[in-house]
Amino acid sequence: MAAELTAHQLIAQHRPTLDQALEAIRTRAYWSPHPEHPKAYGENGSLDAAAGKAAFDALLGSRLDLGQPGTDDWVGGEVSPYGIELGVTYPHADVDTLLPAMRAGQRAWRDAGAEMRAVVCLEILKRISDRTHEFAHAVMHTSGQAFMMAFQAGGPHAQDRGLEAVAYAYVEQVRTPDNAEWTKPQGKRDPLALTKRFTPVPRGVALVIGCNTFPTWNGYPGLFASLATGNAVLVKPHPRAVLPLALTVQVAREVLAEAGFDANLVALAAERAGEGIAKTLATRPEIRIIDYTGSTAFGDWLEANARQAQVYTEKAGVNTVLVESTDNYKGMLSNLAFSLSLYSGQMCTTPQNLLIPRDGIRTEEGPRSYDEVVADLAKSVGGLLGDDARANGLLGAIVNPDVKARLEAAAGLGEVALASREIANPEFPDAVVRTPVIVKLDGAKPDDQAAFMNECFGPVSFAVAVDSAADAVALLRRTISSKGAMTVGAYTTSEEVEEAVQEACLEECAQLSLNLTGGVYVNQTAAFSDFHGSGGNPAANAALCDGAFVANRFRVVEVRREA
């Protein structure tokens, strides 16, 4: 089939966006080409709210035929955390047929060059962006995020992260010139002269192992980093969150074909219930890159066993906030309350441990005891979530029964400062919605340490009493080094304490937010500016997104000849 999208068209349309992305990652200033507000969609080919909802509804109960080779069955079974059976079925692949087909298109994709690959990726992202309303419902009904969060985090923010990965990939590939003339003087003899050509070459097939909670936000960086560096990409979604990534694969295949490339450069690996194909795929010799977000246990397994592949993992950590003093007490409480409540704490960046001196903290309103701080925070969370409609909009739904079980068990770990309560969702009566629980623990007691020194994923936070700020910093350091942290927060008006916390985070390699009291929260990061994770502590071996995240997805091969 003749290409419908020419290189000239794609470069003319998308090179300006690529250049803006390159400038954004250089300056780290705010920039996004993807609108956050739902009303921004509906023109220039994008779906408005009604059309996006209709497109999602049309998917329910359908067969999503991607035209992949090696399809030997149709699988599905997703049930929304809001209680809806999606009923979508997807191709199940015979990987012995699919993987060779994916590799067949890599030569032409490799030879297309870094710029062409980048602008094809940007065309994929644009078409996804045009369908943001449709994707938002798909993310909402597989992750349990409330609609507005699914719209923003699953739509423009995920698209930003994908574009960010493309920009970093482009930078690393063009760091080495395509050609060089090399001449070495030989005194009275003729100089030695060589012509050299340098080609970025892909490692092979990349495997993206998707997660349940943020299928697009966590999936897009690895997918687009690998595709932009010349690799074919096999997407293995979480069994409970297939639809958003299946739609992504569908768009990518359409764009690749229209641009004259093999659609099989991107394919889907959906699985039967209980099949567990991730381990099988991860150790196949064709798989040379793996991106994974999920549990520490499986991330550790991948790092130990997928030895033929470059493995990028985002696992679990124990995120900590140190509260020593503040000059905006109400702002601090409000900021923390929102951070603990957003998406029912089902984010890898949500704070879990709040370290508070047992003698209390200093505030602009006077001293507050440990008990008062915890009670005031509980009151702030309760006030934030007191209205059920507002609460539903912030909390979303509990993503799976394991989170609900951990939430219920947490109440038995210590004194409950804020009990979790059940909230009804009138629009979705079968949704499981729960407010956060806050449990008081003692940082000096071994039994309490056993509780708070492990991740308790979900709407569970521990208010940990410590002897002093110095003890809090020491505990923070030990937590990061032994358990890892995706985020660290601190509230202090003391230069000495701030310096100690900052030094602990620099030495243990954890991203730090200081004294957040406004509309920016510790569990949110902005593409092109903030690094998500560091790659330097046990929570993750990579950061989204930096040069290290993309540079080892390709190698440079040199061909030299005498001039």
Side-chain angles (χ1 to χ4, degrees), residues 1-11 14 18 66-71 93-124 165-166 168-180 195-208 222-235 248-269 281 284-291 308-310 550-561:
M1 183 182 74
E4 299 174 26
L5 296 170
T6 68
H8 176 76
Q9 290 172 328
L10 288 167
I11 291 170
H14 296 299
L18 177 61
L66 301 175
Q68 295 182 179
T71 297
D94 174 357
V95 293
D96 290 327
T97 300
L98 181 58
L99 286 172
M102 297 183 70
R103 296 176 70 182
Q106 281 193 307
R107 178 175 178 176
W109 187 236
R110 176 201 71 199
D111 292 347
E115 184 180 45
M116 185 62 180
R117 287 192 294 271
V119 294
V120 169
C121 287
L122 264 61
E123 176 66 19
I124 295 169
V166 174
Y168 272 100
Y170 179 81
V171 166
E172 295 300 325
Q173 289 174 98
V174 301
R175 188 181 300 280
T176 302
D178 292 339
N179 299 285
T195 296
K196 304 182 181 184
R197 178 164 180 79
F198 304 97
T199 303
V201 298
R203 283 192 171 272
V205 180
L207 174 66
V208 174
L223 191 165
F224 284 100
S226 288
L227 191 61
T229 50
N231 303 277
V233 182
L234 180 61
V235 179
T248 301
V249 169
Q250 182 184 56
V251 173
R253 291 175 64 85
E254 291 172 354
V255 171
L256 285 163
E258 290 178 29
F261 297 102
D262 192 333
N264 295 322
L265 286 165
V266 178
L268 185 75
L281 290 172
R284 296 255 329 186
E286 302 96 331
I287 300 298
R288 304 304 301 275
I289 301 166
I290 298 172
D291 287 278
Q308 85 292 348
Q310 293 293 318
V550 299
N552 217 12
R553 295 171 190 263
F554 69 96
R555 308 307 298 163
V556 177
V557 174
E558 173 186 356
V559 176
R560 60 184 184 170
R561 53 176 57 88

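For this chain, numbers begin at 1 and follow the sequence in order. Just so you know, these numbers come straight off a predicted model, no measurement behind them.
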Exercise. Is there a donor-acceptor pair under 3.5 Å between the side chain of Gln173 and the backbone N or O of Ala228?
Worked result: yes
Exercise. Below 4.5 Å, heavy atoms only, C-beta onward: do Leu234 and Leu281 meet side chain to side chain?
Worked result: yes
For this session: Could you please spell out the steps behind the salt bridge (Lys or Arg N to Asp or Glu O under 4.0 Å) verdict for Asp262 and Arg107?
Result: CA-CA 10 Å; Asp262 192 333; Arg107 178 175 178 176; over 6 Å; no
Problem set entry | Residues Val95, Met102; criterion side chain to side chain contact (heavy atoms under 4.5 Å, CB included); working and verdict | CA-CA 10 Å; Val95 293; Met102 297 183 70; over 6 Å; no
Problem set entry | Test log, rule side chain to side chain contact (heavy atoms under 4.5 Å, CB included), inputs His14 and Val120 | CA-CA 9 Å; His14 296 299; Val120 169; over 6 Å; no
Exercise. Does Gln308 offer a backbone N or O that forms a donor-acceptor pair with the side chain of Arg288 under 3.5 Å?
Worked result: yes
Exercise. Should Arg553 and Arg203 count as side-chain neighbours, where that means a heavy-atom distance under 4.5 Å?
Worked result: no
For this session: Would you check if Glu172 and Phe554 make a side-chain contact, meaning some heavy-atom pair closer than 4.5 Å?
Result: yes
For this session: Tell me, with the steps shown, if Thr195 and Asn179 meet side chain to side chain contact (heavy atoms under 4.5 Å, CB included).
Result: CA-CA 7 Å; Thr195 296; Asn179 299 285; 5.5 Å; no
For this session: Report the distance from atom CG of Asp178 to atom OG1 of Thr199, rounding to the nearest 0.5 Å.
Result: 7.5 Å
For this session: Output yes when a side-chain donor or acceptor of Ser226 lies under 3.5 Å from a complementary backbone atom of Leu223, and no otherwise.
Result: no
Seminar exercise, completed: When every non-hydrogen atom of Leu18 is compared with those of Ala118, the smallest separation belongs to CD2-CB, 4.0 Å
Problem set entry | Shortest non-hydrogen contact between Pro69 and Thr97, atoms and distance | C-CG2, 4.3 Å
Exercise. Which heavy atom of Leu10 sits nearest a heavy atom of Glu123, and at what distance?
Worked result: CD2-CB, 3.8 Å
Exercise. What closest approach, in Å, do Ile289 and Ala309 show between heavy atoms, and which atom pair accounts for it?
Worked result: N-CB, 3.9 Å
Seminar exercise, completed: Tightest non-hydrogen contact, residues Leu227 and Arg117, listed as O-CD, 3.8 Å
For this session: Please report the closest heavy-atom contact between Leu268 and Leu66, naming both atoms and the distance.
Result: CB-CD1, 3.7 Å
For this session: Check the pair Ile290 / Gln310 against side chain to side chain contact (heavy atoms under 4.5 Å, CB included), numbers first and verdict last.
Result: CA-CA 6 Å; Ile290 298 172; Gln310 293 293 318; over 6 Å; no
Exercise. Between the main-chain N or O of Gly204 and the side-chain N or O of Asn231, is there a donor-acceptor pair closer than 3.5 Å?
Worked result: yes
Problem set entry | Side-chain donor or acceptor of Arg253 paired with backbone N/O of Val266 under 3.5 Å | yes
For this session: Flag yes if more than 12 heavy atoms outside Arg284 fall under 6.0 Å of its CZ atom; otherwise flag no.
Result: yes
Exercise. What is the distance from atom OG1 of Thr71 to atom CG of Leu98, rounded to the nearest 0.5 Å?
Worked result: 7.5 Å
Exercise. At what distance, to the nearest 0.5 angstrom, does CG of Leu256 lie from CG of Leu5?
Worked result: 10.0 Å
Seminar exercise, completed: CE (Met116) and CD1 (Ile11) are apart, to the nearest 0.5 Å, by 6.5 Å
